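These notes are about the structure you will find just below.
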Amino acid sequence: MPELPDVEGFRRVLAEHTGEPITAVRVCDAGVLRGVTPRRLDKALRGRRFEPPRRHGKWLIAPADGPVLMLHFGMTGSLSWHGRGEPRHRHDRVVWSFPGGELRLRDMRKLQGVRLAADEDEAGRLLDDLGPDALAASREEFAASLAGRRGRLKSALTDQSLLAGLGNLLADEICWQALVSPLRDVRDLRDDEVAALYRTMRRVLREAVDEGRVPPRDTWLTGARDEPGRPCPRCGTPLSRRRIAGRTTVWCRTCQPG
DNA sequence: TGAATTGTTAAGAG
DNA sequence: CCTCTTAACAATTC
């Protein structure tokens with residue numbers, strides 16, 4: 001699930017448990033650890049408290065009074081709070097224990113995972129290649145990210161080095177709601193189309209963040225994209241689909257010409 | 001069995 | 001240097 005709205009939800013989960021001391025870090029599956037050992041993760045965090053976490057794109061950044069925990073949820077990760085003794089789920093990979101319960105990183109596919117930066121400088125370097133956060137970007141920053149870019153709109157919107165946070169579902173949803181084809185060459189976009197994309201991105205992100213995911217509503221593309229051949233929720237034209245950069249892109253050839 | 005899945009990265013082609 | 005495509009990672013479902 002994790003695109004920007006999902007990660008924002010995980011950030012809130014963690015934010016509710018800042019200030020409590022971490023009593024232990026248990027690694028159930030080291031396959032999610034990136035550049036850190038179970039022992040070092042536990043040693044670095046045990047006894048410390050998380051400070052208010054922040055998010056940049058799909059990264060969750062959790063300073064802990066020195067070291068900085070960095071989480072990326074890949075395609076199937078989540079972070080959730082559980083009472084002590086709640087039976088473990090088979091995909092719980094790392095558990096942070098607190099006096100009143102525990103945070104669990106659950107992730108079926110283990111495509112990304114957990115990093116530990118020694119300090120804020122190192123954390124910043126890990127995020128160096130990311131563009132501005134999609135929710136924090138101004139209209140000017142958004143336009144600047146697209147300016148000078150060649151290639152398809154879909155590729156640009158999902159390129160984390162241009163704009164951080166949009167994934168496959170969000171990019172298609174934004175293009176569909178903005179009435180712009182994801183196949184369009186970025187260089188050919190008119191100013192009013194770029195403006196429409198920005199406004200639409202803001203609205204879609206706001207609503208998705210409220211729900212903690214891209215909502216699969218009947219009136220949204222996301223509610224119809226799963227089964228091939230479904231009609232466009234807006235005009236009824238059968239939805240088009242095609243693989244771009246290894247990801248399935250869905251759009252309406254009537255609403256989004258070109 | 002083959003293909004699909006909301007992410008990222010490397011490698012090779014053009 | 002830029003952008004495109006594939007494959008790989010891993011687990012699961014249809």
Side-chain angles (χ1 to χ4, degrees), chain A residues 1-11 27-35 55-60 70-79 88-94 105-115 126-131 133-135 145-177 182-189 201 204-205 207-209 211-217 220-230 239 241-251:
Chain A
M1 298 139 237
E3 298 183 66
L4 185 156
D6 312 79
V7 180
E8 183 59 23
F10 305 148
R11 189 193 63 76
V27 176
C28 313
D29 187 334
V32 294
L33 300 188
R34 303 293 144 110
R55 182 193 53 72
H56 190 114
K58 302 170 189 173
W59 282 94
L60 179 56
M70 315 208 26
L71 301 177
H72 194 298
F73 299 90
M75 283 174 97
T76 53
S78 66
L79 188 70
R88 196 146 291 162
H89 187 279
R90 65 203 290 222
H91 298 139
D92 287 341
R93 310 302 190 185
V94 180
L105 174 67
R106 189 168 293 181
D107 191 347
M108 182 179 75
R109 286 169 72 183
K110 302 185 285 185
L111 291 175
Q112 296 294 320
V114 178
R115 305 183 109 90
L126 285 173
L127 305 178
D128 224 21
D129 288 338
L130 294 181
D133 179 74
L135 197 53
S145 288
L146 297 181
R149 170 82 182 192
R150 297 183 286 128
R152 293 198 179 96
L153 175 59
K154 171 65 178 279
S155 304
L157 289 177
T158 54
D159 185 335
Q160 304 298 298
S161 69
L162 293 183
L163 192 66
L166 305 185
N168 200 38
L169 294 189
L170 276 172
D172 285 359
E173 187 68 51
I174 290 163
C175 288
W176 183 78
Q177 293 200 26
L183 305 185
R184 291 275 299 281
D185 190 306
V186 173
R187 289 171 297 186
D188 299 335
L189 294 175
M201 177 180 78
V204 168
L205 282 178
E207 296 190 43
V209 163
E211 305 229 9
R213 63 172 180 162
V214 187
R217 296 178 189 157
W220 281 29
L221 177 68
T222 304
R225 64 173 296 149
D226 282 352
E227 306 116 73
R230 283 282 293 278
L239 291 169
R241 64 175 57 224
R242 184 183 149 180
R243 257 176 125 66
I244 294 182
R247 332 286 303 118
T248 296
T249 297
V250 180
W251 77 102

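None of these values were measured; they are calculated from a predicted model. Letters A, B, ... are given to chains in the order of the sequence lines, protein chains preceding strands, and every chain is numbered from 1.
A/Thr76 has no side-chain polar atom (N or O) that falls below the 4.0 Å cut-off from OP1 or OP2 of C/dT12. Contact between the side-chain N/O atoms of A/His72 and the OP1/OP2 oxygens of B/dT8 is found at a separation under 4.0 Å. Note on A/Arg241: every side-chain N or O is 4.0 Å or more away from OP1 and OP2 of B/dA4. Between A/Arg90 and C/dT12, a side-chain N or O to OP1/OP2 separation shorter than 4.0 Å is present. Phosphate contact (OP1/OP2 of B/dG7, side-chain N/O of A/Lys110, threshold under 4.0 Å): absent. Contact check, A/Thr248 against B/dT5: a side-chain N or O comes under 4.0 Å of OP1 or OP2. Between A/His91 and C/dA10, a side-chain N or O to OP1/OP2 separation shorter than 4.0 Å is absent. Using a 4.0 Å cut-off, some side-chain N or O of A/Arg247 falls inside it from OP1 or OP2 of B/dT6.
Taking atom C1' in both C/dT3 and B/dT6, one finds a spacing of 23 Å when rounded to whole Å. When the P atom is used for both B/dT8 and C/dC1, the distance is 23 Å, rounded to whole Å. Atom name C1', nucleotides C/dT6 and B/dA3: the rounded distance is 16 Å, in whole Å.
Under 3.5 Å, the side chains of A/Thr248 and A/Arg243 contain a donor-acceptor pair of N or O atoms.
Of the candidates B/dT8, C/dC4, C/dA10, the closest approach to any side-chain atom of A/Lys58 belongs to B/dT8. If you check C/dT5, B/dA4, C/dT3 against the side chain of A/Ile244, the one that comes closest is C/dT5. Closest to the side chain of A/Arg152, out of C/dT5, C/dA11, C/dT3, is C/dT5. Of all nucleotides listed (C/dT3, B/dG7, C/dA11), B/dG7 comes nearest to the side chain of A/Glu3. Among the nucleotides B/dT6, C/dT5, C/dT12, the one closest to the side chain of A/Ala245 is C/dT5.
The 5' end of DNA chain B is approached more closely, in terms of each residue's nearest nucleotide, by A/Met108 than by the other of A/Gln112 and A/Met108. If you find the closest nucleotide of DNA chain C to A/Gly246 and to A/Arg150, the one lying nearer the 5' end belongs to A/Arg150.
Put simply, CD on A/Glu227 is 14 Å from C1' on B/dA4, counting in whole angstrom units. A straight line from CZ of A/Arg243 to C1' of B/dT6 spans 13 Å, rounded to a whole angstrom. For A/Arg109 and C/dA8, the CZ to P distance is 15 Å, given to the nearest whole Å. Whole-Å rounding puts the A/Glu173 CD to B/dT6 C1' distance at 12 Å. Between the P atom of B/dG7 and the CG atom of A/Leu71 lies a distance of 17 Å, rounded to the nearest Å.
Shown are A/Arg213, A/Arg55, A/Lys58; of these, the side chain to side chain donor-acceptor pair (under 3.5 Å) with A/Glu8 is made only by A/Arg55.
Note that the CG atom of A/Leu239 and the CH2 atom of A/Trp251 stand 10.0 Å from one another [nearest 0.5 Å].
Not a single donor-acceptor pair under 3.5 Å links the side chain of A/Glu3 to the backbone N or O of A/Leu166. With hydrogens and angles ignored, the 3.5 Å screen pairs no side-chain donor or acceptor of A/Ser161 with any backbone N or O of A/Asp129.
Taking the six-membered ring where the residue is Trp, A/Trp59 and A/His72 present perpendicular rings, their angle passing 60° and hence far from 30°.
Note on A/Arg149: only backbone sugar-phosphate atoms sit closer than 4.0 angstrom, heavy atoms only; bases stay farther off.
For B/dT6, there is no paired nucleotide, since no Watson-Crick or G-U wobble pair has both relevant distances below 3.5 Å.
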